[in-house]
Each structure stands twice: as structure tokens, then as C-alpha cells.
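Input: a single structure, listed below in C-alpha cells.
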Amino acid sequence: MRVAIISSIWETRSDKISDPNFLNCIVKVITNLSLDEIKKEIVRPIEDQLYRVRTENKNAPRSIDIDIILYGDLEVDTTIWEHVYISVPLAELRPNYVNKKNNQKLSDAAEKLKGRNFIIKRSDIKE
């Protein structure tokens with residue numbers, strides 16, 4: 001596995017006013033691993049090293065949350081089109097990715113979401 005490219009880091013607000021803001025980015029990796037192998041061999045160990053605590057509440061505050069958004073052209077997380085914290089960083093890497101339901105380009109969806117949500121590029125944070 002190798003890292004091919006990393007998006008900018010973006011800050012978004014939590015749904016809960018009392019929770020701190022989130023930092024989001026997208027990392028494109030090249031791998032021969034299956035989706036399950038990536039989750040078990042890569043994602044979980046990284047989250048464990050960074051003290052991720054899993055609870056029954058999937059929306060509980062956590063130190064890190066790694067999601068697989070696309071696996072090739074398979075939309076693992078179909079909320080790409082609904083959440084600014086996914087669409088904006090992903091559009092940096094795949095601007096011409098198309099929504100199979102309505103033929104909308106990801107870059108267009110991201111721009112619409114940026115206009116309705118708090119999101120700022122954090123150029124002061126380096127990967």
C-alpha cells in the first residue's frame with residue numbers, strides 16, 4: 001500500500017455546539033488489499049494507536065474516525081453528496097467523479113455544500 005495523494009485539511013463544525021470542530025481530509029491510497037483487509041489491517045490499527053474508543057453511540061466524540069469513502073469507483077459511503085466534510089476534500093482529488101443517480105459532478109456538489117455549511121481550509125496545518 002502507498003499513499004498517492006492527500007487533500008487539504010478542512011475544518012467543519014460538529015452537529016453539537018458543545019463539541020469541538022472537526023478536521024477532515026481525504027487520503028488516496030494504492031493497494032491490492034480487499035476492502036475488509038483495509039479495515040482490519042490498516043484502519044483499525046491506526047485508530048487504535050490514536051486511542052479511538054468505540055461505544056454504542058456512533059456519534060460520540062472520538063480522537064479519530066477513519067472512513068473508507070471510495071474503493072475504486074465503488075461508493076462505500078454514499079453520503080458523499082450530502083456532507084460538506086466529505087465532498088469538499090474528495091472533490092480536490094476527484095473533481096470529475098459523477099453521481100450515478102443524477103450525473104452531477106462532485107466538484108459541483110461540493111461547491112453547493114460549501115455555500116450552505118461552515119467549512120474552511122486549514123493551510124496552517126500540514127500533513
Side-chain angles (χ1 to χ4, degrees):
M1 181 180 88
R2 72 176 175 83
V3 173
I5 191 167
I6 302 172
S7 75
S8 300
I9 297 172
W10 295 85
E11 181 176 347
T12 57
R13 287 199 176 105
S14 168
D15 290 340
K16 295 180 185 171
I17 295 172
S18 61
D19 287 348
N21 288 354
F22 295 109
L23 297 176
N24 306 277
C25 75
I26 300 285
V27 178
K28 178 181 179 180
V29 298
I30 308 298
T31 184
N32 291 322
L33 296 175
S34 71
L35 197 50
D36 283 339
E37 289 170 326
I38 294 169
K39 290 176 185 177
K40 291 176 186 169
E41 297 176 24
I42 307 297
V43 171
R44 292 293 172 121
I46 292 172
E47 288 181 336
D48 290 345
Q49 286 178 334
L50 295 172
Y51 305 107
R52 165 77 189 257
V53 176
R54 296 186 182 281
T55 66
E56 288 183 25
N57 178 0
K58 287 185 153 189
N59 296 317
R62 52 212 174 265
S63 58
I64 188 164
D65 181 32
I66 300 174
D67 297 311
I68 300 172
I69 308 301
L70 295 175
Y71 181 77
D73 281 331
L74 172 67
E75 283 184 26
V76 177
D77 185 338
T78 58
T79 65
I80 294 168
W81 312 101
E82 302 164 23
H83 297 295
V84 71
Y85 60 87
I86 299 173
S87 67
V88 170
L90 184 58
E92 287 185 356
L93 307 185
R94 301 278 306 266
N96 296 318
Y97 184 75
V98 174
N99 185 331
K100 293 167 185 70
K101 294 180 182 174
N102 63 15
N103 286 334
Q104 182 181 39
K105 286 188 350 182
L106 183 57
S107 58
D108 295 334
E111 283 303 313
K112 285 181 185 174
L113 288 168
K114 277 171 75 171
R116 297 189 304 234
N117 296 276
F118 171 84
I119 186 165
I120 56 171
K121 187 186 285 191
R122 292 291 305 267
S123 300
D124 58 314
I125 300 174
K126 304 296 180 202
E127 67 274 344

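Quantities reported herein were computed from a predicted structural model and do not represent experimental measurements. We're numbering straight along the sequence, starting at 1. As a basis for the values below, the full set of heavy atoms in this structure was taken, side chains included, without hydrogen atoms, waters or symmetry mates.
Evaluation of the salt bridge (Lys or Arg N to Asp or Glu O under 4.0 Å) rule for Arg62 yields Asp65 as partners, not counting sequence neighbours. Checked against salt bridge (Lys or Arg N to Asp or Glu O under 4.0 Å), Asp36 has no partners two or more places apart in sequence or in another chain. The side-chain hydrogen bond (donor to acceptor under 3.5 Å, both in side chains) check on Asn21 picks up Glu11, with sequence neighbours excluded. In this structure Glu92 satisfies the salt bridge (Lys or Arg N to Asp or Glu O under 4.0 Å) test with no other residue, sequence neighbours excluded. For Lys114, the salt bridge (Lys or Arg N to Asp or Glu O under 4.0 Å) test picks out Glu111, with sequence neighbours left out.
Annotation: Phe118, atom CZ; neighbour count of heavy atoms from other residues, nucleotides and ligands within 6.0 Å is above 12. Within 6.0 Å of CZ in Arg54 there are more than 12 heavy atoms belonging to other residues, nucleotides or ligands. The neighbour count for Lys101 NZ, taken as heavy atoms of other residues, nucleotides or ligands under 6.0 Å away, does not exceed 12.
In summary, Asp73 and Arg94 engage in a salt bridge, as defined by a charged side-chain N under 4.0 Å from a carboxylate O.
When side chains are defined from C-beta on, Leu70 counts as touching Leu90, because their heavy atoms get closer than 4.5 Å. No side-chain heavy atom of Trp81 sits less than 4.5 Å from a side-chain heavy atom of Asn102.
Interatomic distance, Ser8 OG to Ile120 CD1, rounded to the nearest 0.5 Å: 12.5 Å. Going from atom CD1 of Ile119 over to atom OG of Ser87 covers 7.0 Å, rounded to the nearest 0.5 Å. How far CH2 of Trp10 is from CG of Leu23: 12.5 Å, rounded to the nearest 0.5 Å. In this structure, the separation between OH on Tyr97 and CD on Glu75 is 3.5 Å, given to the nearest 0.5 Å. Here the straight-line distance linking atom CG of Leu113 with atom OH of Tyr85 works out to 11.0 Å at 0.5 Å rounding.
Cluster annotation: Ile42 and Leu35 are assigned to the same hydrophobic cluster (Ile/Leu/Val/Met/Phe/Trp/Tyr, side-chain heavy-atom contacts under 4.5 Å, transitive). Leu93 and Ile125 sit in two unconnected hydrophobic clusters of ILVMFWY residues. Membership requires side-chain heavy atoms under 4.5 Å apart, directly or through other members. Side-chain heavy atoms closer than 4.5 Å link hydrophobic residues (I, L, V, M, F, W, Y) into clusters, and following such links, possibly through other members, connects Leu74 to Leu33. Side-chain heavy atoms closer than 4.5 Å link hydrophobic residues (I, L, V, M, F, W, Y) into clusters, and following such links, possibly through other members, connects Ile66 to Val3. The cluster map of Ile, Leu, Val, Met, Phe, Trp and Tyr, joined by side-chain heavy atoms under 4.5 Å apart, puts Val43 and Val27 in the same cluster.
Across all non-hydrogen atoms, the minimal contact from Cys25 to Ile6 is SG-CG2, 4.3 Å. For the pair Val29 and Met1, the tightest heavy-atom approach, listed with the atom from each and the gap, is CB-CG, 4.1 Å. Taking both residues in full, the closest heavy atoms of Val84 and Pro89 are given as O-CD, 3.7 Å, listed atom of the first, atom of the second, then distance. The heavy-atom pair separating Ile86 from Asp77 by the smallest distance is CD1-OD2, 3.6 Å.
Here side-chain hydrogen bond (donor to acceptor under 3.5 Å, both in side chains) pairs that include residues 22-33, with residues two or more places apart or in two chains, are Thr12-Asn24.
In this structure a side-chain-to-backbone donor-acceptor pair under 3.5 Å is present from Ser34 to Glu37. When atom types are taken as modelled, the side chain of Asp67 and the backbone of Ile69 share no donor-acceptor pair closer than 3.5 angstrom.
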